[in-house]
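The next block holds one structure in the form of structure tokens; read it before the comments.
We count residues from 1, following the sequence as given. We count ligands from 1, going down the list as the structure has it; atoms in each ligand are counted the same way.
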Amino acid sequence: MNIRPITFRKSADDILIGGCSLTDLAKEYGTPLYVLDAATIQQNCQIFTKILTEHYPNFSIAYASKAGLNIGIANLIAFEGIGADVVSGGELYTVLKSQIDPKKIYFHGNNKSIEELELAIANHIRLVVDNAYEVALIETIATRLNKKAKMMFRIKPGIEAHTHEYIKTGHIDSKFGFEFNDILPLIKKIHGSEWGEFIGIHAHIGSQIFDMNPYYDLVSILVGFMDTIYSEFGIDIPELNCGGGFGIKYTENDQAPDITDIILGMATELKLLCDGKKRPRPKLVFEPGRSIIANAGVTIYTAGTSKPISDGQQYLFIDGGMADNPRPMMYQSEYTFDVVSPSTTDQARYTIAGKFCESGDILAKNIVLPIVKPSEHIVVYGTGAYNYSMASNYNRFCKPAMILVNNNVASLLIKRETYEDIIRYDAL
Ligand SMILES: Cc1ncc(COP(=O)(O)O)c(C=O)c1O
């Protein structure tokens with residue numbers, strides 16, 4: 001997977017994405033500006049759907065909407081046959097208003113509220129259950145609404161993975177999900193009940209994972225759990241949800257795996273294990289977020305001045321920062337930068353600093369770029385995932401607009417906030 005959108009084109013004095021000039025977009029819509037490339041999102045969706053259609057047709061892809069969600073994005077992925085994983089009433093409400101098939105929506109969360117559960121159960125949404133208290137709430141609500149709630153259990157599989165490292169451990173200190181044995185009495189309670197249907201198990205082992213092995217271990221661990229469920233209750237689980245977390249390339253140093261290889265490897269392993277045991281193959285569900293949308297997005301900023309620092313480097317100030325992209329501060333995430341229309345080929349070493357009132361508001365340290373003059377545009381690649389969705393109004397910053405580019409046409413996906421928006425909910 002590329003760092004940049006698949007439609008990226010660069011000339012001496014501009015960068016085009018989806019056939020649209022970043023210079024023109026900045027002029028027309030202002031900066032900071034999120035730009036999302038439809039073709040890249042479509043291609044990323046098709047990486048999953050194509051390989052699974054060929055090798056494991058009983059599948060469902062639920063885009064992890066926390067990565068980035070609005071009605072336009074939801075409709076785009078719905079068109080690719082993809083559903084959504086949601087973790088809040090707000091995300092659920094958004095996807096219910098979109099063209100996403102409600103049968104392909106999975107509702108996560110470790111502390112779902114009664115209102116959230118009511119919305120989900122009333123709309124027959126699949127619930128990814130986190131704890132026993134939630135089961136009790138679901139029983140009450142489903143009985144009251146006279147519905148049968150579809151439930152799968154989130155399990156801690158004993159694998160913890162982070163980018164290059166993973167560990168297998170009997171006990172995981174995660175706030176999400178159950179220890180496997182704790183779901184057995186709950187399956188017994190639900191099985192055959194009027195108000196609930198047990199539809200499977202779920203596990204998610206982490207995010208931005210570069211190693212394929214934890215995924216293969218995950219499949220064999222989950223198949224072991226399926227065996228136990230079968231021997232305890234005679235139930236072949238209809239759905240096996242293996243979560244998301246597939247690593248992608250943000251910089252040239254990232255050695256991200258080929259997602260086709262991981263998905264094919266997991267599907268093949270699941271087929272072999274089920275066939276070997278002569279058990280039916282469950283529906284295989286994945287929840288990719290970043291790998292669907294991260295490299296489809298770029299952010300355009302306008303440069304302000306640069307300011308020398310004592311070690312010979314200099315700060316380059318931009319008109320956004322931690323409020324539109326908190327990931328470098330939160331996770332020390334790294335990105336790839338470019339100057340959209342450089343006025344020189346001479347280079348300088350910069351620390352890219354935002355405009356917010358925090359010393360840690362730094363998007364990159366020590367990077368080399370063509371010398372940037374005030375009012376030139378900087379573009380940051382790979383900002384499609386967890387940027388807008390984690391953006392804030394810190395310092396009463398107006399969240400930027402988001403533009404969808406597709407075949408030379410730019411459309412507004414989200415409007416830029418205004419100062420009026422900033423005071424809109426000030427009630428006194
Ligand atoms: C349960 C679950 N599924 C899927 C994802 C998506 O992960 P990613 O965006 O890394 O693919 C996450 C991310 O935190 C998650 O918690």
Presence of salt bridge, K355 and D319, under 4.0 angstrom: no

E197/K148 salt bridge by N-O under 4.0 Å criterion: no

N/O separation below 3.5 Å, H202 to ligand 1: no

Does a donor on one side chain sit under 3.5 Å from an acceptor on the other, for N387 and N325? yes

K50 NZ: over 12 foreign heavy atoms closer than 6.0 Å: no

V87, portion touching ligand 1 at heavy-atom distance under 4.0 Å: neither

Taking atom CD as the centre, does E118 end up with more than 12 heavy-atom neighbours from other residues, nucleotides or ligands that are less than 6.0 angstrom away? yes

Checking a contact table here: which protein heavy atom is nearest atom 3 (N) of ligand 1, and how many Å away? E287 OE1, 2.7 Å

Using a strict cut-off of 4.0 Å, indicate which atoms of ligand 1 neighbour a heavy atom of Y386. 6 (C), 7 (O), 8 (P), 9 (O), 13 (C)

Just to confirm my output: which protein heavy-atom neighbour is closest to atom 5 (C) of ligand 1, and how far is it? H204 CE1, 3.4 Å

Could you check which of A385, S207, S291 puts a non-hydrogen atom nearest to atom 10 (O) of ligand 1? S207

Which atoms of ligand 1 are found less than 4.0 Å from any heavy atom of G245? 7 (O), 8 (P), 10 (O), 11 (O)

Proximal atoms of ligand 1 relative to R290 (non-hydrogen, under 4.0 Å): 8 (P), 9 (O), 10 (O), 11 (O)

Residue that, paired with Y381, satisfies ring pair (Phe, Tyr, Trp, His ring centres under 6.0 Å) out of Y250, Y335, F8: F8

Does any donor atom in the side chain of E80 or Y63 lie under 3.5 Å from an acceptor atom in the other side chain? no

Nearest non-hydrogen protein atom to atom 15 (C) of ligand 1, with distance, is K66 NZ, 2.9 Å

Heavy atoms from other residues, nucleotides or ligands near CD of E54 exceed 12 (cutoff 6.0 Å): yes

Element-labelled atoms of ligand 1 that are located less than 4.0 Å from some non-hydrogen atom of A64: 4 (C), 5 (C), 6 (C)

Is G289 close to ligand 1, meaning an N/O of one under 3.5 Å from an N/O of the other? yes

